[in-house]
Amino acid sequence: MAKRYWLMKSEPSVYSIENLRSDGTTCWDSIRNYQARNNMRAMSVGDEVLFYHSQAIPPGVAGIARVVREAYPDHTQFDREHEYFDPGSDEDDPRWWMVDVEFVRAFDEVLPLNEVKEDSALADMVLVRNSRLSVQPVKAEEFRRILHLGGQP
DNA sequence: GCCAACGTTGGC
DNA sequence: GCCAACGTTGGC
């Protein structure tokens, strides 16, 4: 399977690219949206991820991560104490899944969403067309274009 | 804080 | 299966 590309959103006040830098690797838990979950289940080890800061000033692409573990059940759905506990999920047939990603690098500066929106080559990005989806596919040429706009080699 | 866009729930 | 009501996301 050829390498694929994705974009994953995180609120930096909760978990930023700098948190990922210091952790090295993290599990992408607490996703409770079927489309986002399906996208995570389609990921392969080695796929590259644009790490996006939402609810930030400015919102935008903050860096790059890489998938290091394919989808496995999200433990938080079974944790009664957890905010995203899901009483409807069966341990033998879990509803929610997550992947592990590792830090690759941070952009020197966040590439702001408005610059993405202004770039005609990126007009069809899911990010531009459906601003709500938190885990989304990115085309190879879109990924390359984002890196270019973000000042990456 | 507002609100548009989207997703989910539940009555019928 | 439709659709109104409600909830959430996320830019601004």
Side-chain angles (χ1 to χ4, degrees), chain A residues 4-23 26-43 47-67 70-101 103-139 141-152:
Chain A
R4 280 174 296 189
Y5 302 90
W6 310 92
L7 180 148
M8 299 173 94
K9 294 181 187 173
S10 185
E11 298 180 25
S13 63
V14 177
Y15 197 88
S16 71
I17 189 76
E18 293 307 322
N19 292 124
L20 183 60
R21 187 205 293 276
S22 54
D23 290 348
T26 195
C27 59
W28 209 268
D29 64 24
S30 303
I31 298 297
R32 296 293 183 269
N33 170 283
Y34 288 104
Q35 222 177 326
R37 178 207 68 179
N38 292 347
N39 286 333
M40 286 199 293
R41 294 188 73 170
M43 292 179 183
D47 285 358
E48 292 195 81
V49 177
L50 298 172
F51 193 113
Y52 180 89
H53 282 175
S54 60
Q55 308 273 70
I57 303 172
V61 180
I64 305 166
R66 184 188 295 118
V67 177
E70 288 170 21
Y72 62 108
D74 178 345
H75 54 91
T76 64
Q77 70 194 302
F78 303 123
D79 177 359
R80 291 185 172 278
E81 305 300 313
H82 197 276
E83 182 182 359
Y84 294 108
F85 172 64
D86 183 353
S89 184
D90 179 352
E91 297 227 22
D92 294 325
D93 185 17
R95 185 176 287 168
W96 305 114
W97 297 67
M98 62 188 183
V99 295
D100 289 354
V101 300
F103 178 81
V104 175
R105 62 184 183 275
F107 289 0
D108 295 332
E109 291 178 27
V110 169
L111 172 64
L113 176 62
N114 61 17
E115 291 186 25
V116 175
K117 287 182 169 172
E118 285 167 6
D119 191 278
S120 60
L122 298 174
D124 286 332
M125 273 193 83
V126 178
L127 182 69
V128 174
R129 295 186 156 264
N130 172 5
S131 66
R132 288 190 35 172
L133 186 60
S134 66
V135 179
Q136 49 181 260
V138 174
K139 296 193 187 93
E141 60 269 28
E142 293 168 342
F143 189 87
R144 283 193 298 269
R145 182 70 181 156
I146 292 281
L147 262 51
H148 174 73
L149 294 177
Q152 300 298 304

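Proteins get letters first, then strands, A, B, ... in listed order; numbering begins at 1 in each.
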For A:Asn19, side-chain hydrogen bond (donor to acceptor under 3.5 Å, both in side chains) partners two or more places apart: A:Ser16
A:Tyr15 versus A:Asp23, side-chain donor and acceptor atoms under 3.5 Å: yes
Distance in angstrom units between A:Tyr34 OH and B:dG7 P, rounded: 13 Å
Set of residues satisfying side-chain hydrogen bond (donor to acceptor under 3.5 Å, both in side chains) with respect to A:Glu11, sequence neighbours excluded: none
Aromatic plane relationship, A:Phe143 with A:Tyr5 - under 30° parallel, 30 to 60° tilted, over 60° perpendicular: tilted
What nitrogen or oxygen pairs link the protein and nucleotides 10-12 of chain C at under 3.5 Å?
| unit_1 | atom_1 | unit_2 | atom_2 | d |
| --- | --- | --- | --- | --- |
| C:dG10 | OP1 | A:Lys9 | NZ | 3.1 |
| C:dG10 | OP1 | A:Arg132 | O | 2.8 |
| C:dG11 | OP1 | A:Tyr52 | OH | 2.6 |
| C:dG11 | OP2 | A:Gln55 | N | 3.1 |
| C:dG11 | N7 | A:Gln55 | OE1 | 3.4 |
| C:dC12 | OP1 | A:Lys117 | NZ | 3.1 |

For atom CG of A:Asn33 and atom P of B:dT9, their distance in whole Å: 11 Å
A:Asp100 and A:Tyr72: side chain donor to acceptor below 3.5 Å: yes
Atom pair distance, as rounded to whole Å: CZ in A:Arg37 and C1' in B:dT8: 14 Å
Any residue meeting side-chain hydrogen bond (donor to acceptor under 3.5 Å, both in side chains) with A:Arg80, in chain and number order, not counting sequence neighbours: none
All side-chain hydrogen bond (donor to acceptor under 3.5 Å, both in side chains) counterparts of A:Arg41, not counting sequence neighbours: none
Residues within residues 80-90 of chain A bordering DNA chain B, heavy-atom distance below 4.0 Å: none
Between C1' of C:dT8 and CD of A:Gln35, the distance in whole Å: 15 Å
Atom-pair distance (CD1 on A:Ile31; C1' on C:dT8), nearest Å: 13 Å
Worked check of salt bridge (Lys or Arg N to Asp or Glu O under 4.0 Å) between A:Arg95 and A:Asp86: CA-CA 9 Å; A:Arg95 185 176 287 168; A:Asp86 183 353; 2.9 Å; yes
